[in-house]
Amino acid sequence: MKLWGGRFAGKRDPLFEKFSESFSLDQRLILYDLRVNIAYVQELGRAGVLLRREASGIAKGLEAITRYVRSHPRWAEKETAEDVHSWVEGRLEKEIGVLARKLRTGRSRNDLVATETRLYAKDAIRALQKSAVEALESLLEQARCNRDVILPGFTHLQPAQPILFSHYLLAYAEMLLRDVSRLEDCYKRTDELPMGAGALAGTSYPIDRVRLGRDLGFSRVAQNSLDATSDRDFVCELLFACSLMLTHLSRLSEDFIIYSTPAFGYLDLDDAYATGSSLMPQKKNADTLELIRGKSARMLGKLTSMMAVLKGLPLGYDRDLQEDKHALFDGLDTALESLILAGRVIRTIRIHPEKMKQATALGFLTATEVADALVGRGVPFGQAHEQVGKLVKYCVDRNTTFSEITMEEARTLIPLWDKKLQEVAVSAGLSLRKKNVAGGTAPQRVSRQLVNMEQAISQLKKNLRLLPRGNRNRS
Ligand code: ARG
């Protein structure tokens, strides 16, 4: 069934039919399509555009289709249509006869598809936020359980300074927290009703868009019909929010992949999230994380393709916009699955504090602290830096560490060297405790971060209504 046959005499090239159909993809909007149509036809009834009995007859037909679709998960299997909107109208006509043709009075697929896509995106944002909260809780749980574990901190992937493993995990929690808030911003701009915008100019029928918007759970109505039918900013924003989130997860994946190699040995993935080799019996590969890293590239591709679709489009709906669903659906699926799995991987890692500690001792991570201690004794920092650098070189040349050199050896390069400096040089814990600044890695500061993060997460859960009823008023 075509919604636009009258103007045409000839048939479409079958390849073009296949090329242009979107039913295979937008069938996942079916329940949104039915919901928007039901609300719209009821509004037509209230506004007196349709007789009450016509409106309720159409609504009943749409409700019957809704029940059918809900109880037949494979409803679309043998169906064909140009798009989901055409399918619904065709099916409605089978259900209630020609009355079905009154459904699209005053509305276009342009305002319809924009409305449905926004509803879909709103639900997807909530699902993403919920899973992000779960991943945040996994990070928090690991941070709590391993509060005092020391990890070599890296810059340039070279050993830099000791940090707490919990501090490290909380860095990723900060990123995810920003991701959730970015999704929230995106939600606000998505939460706007296009219906009533018609094909581009608005509708000639006296419908109340505010009332219709309220029925469909929108906070506002779109202010400009031309914009409302051709705007896909919300798709771009959502894909960007997902892309950046997956970029964060990709960085975490990369860290964990490195940390789980025998050369590092800081942590192990649970067997549930690793695979082996068909050839090398000893292998345990971090495929989950590699795939998250890989899929973050695909996610970025979806964002790029959506941005490219919009660039240069003449204003008003253009069929190019149909490509939004390829980008959106695949992007959202990829983001959600990656996020859920990342949360599970984090929750189930086994860490090896001893390995982390050994690595801290080997990498001269206290060197800055030694220089700072010299500064405390009046040596200008530049000079202290030079002296400690020489001592490091001395140790590297002899394949030794700060803890193994003698007092005399050290004094040839650092004249002020004594027991106290030696102590500073061998104690990662001392170095940590010195980073006693807001946001620093000193244990008391990390405890503060933990508390703040706990509060932020429980606030999120309250906002997203993820807490059981009784707990909603407690923070
Ligand atoms: N399948 C189309 C889409 O997803 C629906 C809107 C088509 N509108 C039109 N005038 N051809 O964008």
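All values reported here derive from a predicted model rather than from experimental measurement. Counting begins at 1 with the first residue of the sequence.
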(request) Answer yes if the side chains of Tyr120 and Arg28 hold a donor-acceptor pair under 3.5 Å, and no otherwise. (result) yes

(request) For Leu239 and Gly331, work out which heavy atoms get closest and say how close. (result) CD2-CA, 4.2 Å

(request) Check for a donor-acceptor pair, side chain of Asp111 on one end and backbone N or O of Gly196 on the other, with a separation under 3.5 Å. (result) yes

(request) Please step through side-chain contact (heavy atoms from CB on, under 4.5 Å) for the pair Asp33 and Val113, ending with a clear verdict. (result) CA-CA 8 Å; Asp33 188 281; Val113 75; over 6 Å; no

(request) Please report the closest heavy-atom contact between Leu136 and Leu176, naming both atoms and the distance. (result) CD2-CB, 3.8 Å

(message) Restricting to non-hydrogen atoms, name the atom on Met306 and the atom on Cys236 that form the minimum distance, rounded to 0.1 Å.
(response) CG-SG, 3.8 Å

(message) I'd like to know if Arg144 and Glu454 make a salt bridge, using a cut-off of under 4.0 Å between side-chain N and carboxylate O.
(response) yes

(message) Quick check: do Pro443 and Leu164 have side-chain heavy atoms less than 4.5 Å from each other?
(response) yes

(message) Strictly distance-based, threshold 3.5 Å: is any side-chain N or O of Lys325 a donor or acceptor partner for the main-chain N or O of Leu29?
(response) no

(message) Would you say that Asp287 contacts Glu290 through its side chain, given a criterion of any heavy-atom pair below 4.5 Å between the two side chains?
(response) yes

(message) Tell me whether the rings of Trp75 and Phe23 are parallel (<30°), tilted (30 to 60°) or perpendicular (>60°).
(response) perpendicular

(message) Between Arg12 and Glu21 (salt bridge meaning N to carboxylate O under 4.0 Å), is one present in this structure?
(response) no

(message) Determine whether a donor-acceptor pair (N or O, by modelled atom type, separation under 3.5 Å) exists between the side chain of Arg147 and the backbone of Val446.
(response) no

(request) Please determine, by modelled atom types, if Gln27 and Trp87 share a side-chain donor-acceptor pair under 3.5 angstrom. (result) no

(message) If the threshold is 4.0 Å, N to carboxylate O, is there a salt bridge linking Glu63 and Arg67?
(response) no

(message) Looking at Arg109 and Asp83, is any side-chain nitrogen of the basic one under 4.0 Å from a carboxylate oxygen of the acidic one?
(response) yes

(request) Using the side chain to side chain donor-acceptor pair (under 3.5 Å) rule, pick out the option among Thr190, Asp231, Asp123 that qualifies with Arg118. (result) Asp231

(message) Once you measure the plane-to-plane angle for Tyr168 and Phe165, does it fall in the parallel (<30°), tilted (30-60°) or perpendicular (>60°) bin?
(response) parallel

(message) As a quick check of understanding, evaluate side-chain contact (heavy atoms from CB on, under 4.5 Å) for Ser138 and Arg344, giving each step before the final call.
(response) CA-CA 7 Å; Ser138 301; Arg344 291 182 189 174; over 6 Å; no

(request) Compare every heavy atom of Pro159 with every heavy atom of Phe154, then report the nearest pair and how far apart it is. (result) CD2-N, 3.6 Å

(request) State whether the side chain of Arg104 and the backbone N or O of Leu3 hold a donor-acceptor pair below 3.5 Å, judged by distance alone. (result) yes

(request) Show the numbers, then the answer: is there a side-chain contact (heavy atoms from CB on, under 4.5 Å) between Met195 and Leu112? (result) CA-CA 6 Å; Met195 269 328 258; Leu112 184 63; 4.2 Å; yes

(request) Check whether any side-chain N or O of Arg350 sits under 3.5 Å from a backbone N or O of Asp270 as a donor-acceptor pair, and report yes or no. (result) no

(message) Could you check whether any side-chain heavy atom of Asp208 comes within less than 4.5 Å of a side-chain heavy atom of Arg46, counting everything from C-beta outward?
(response) no

(message) Taking the side chain as everything from C-beta on, heavy atoms only, tell me whether Val49 gets closer than 4.5 Å to Pro206.
(response) yes

(message) Quick check: closest heavy atoms across Leu92 and Leu62, and the distance to 0.1 Å?
(response) CD1-N, 3.7 Å

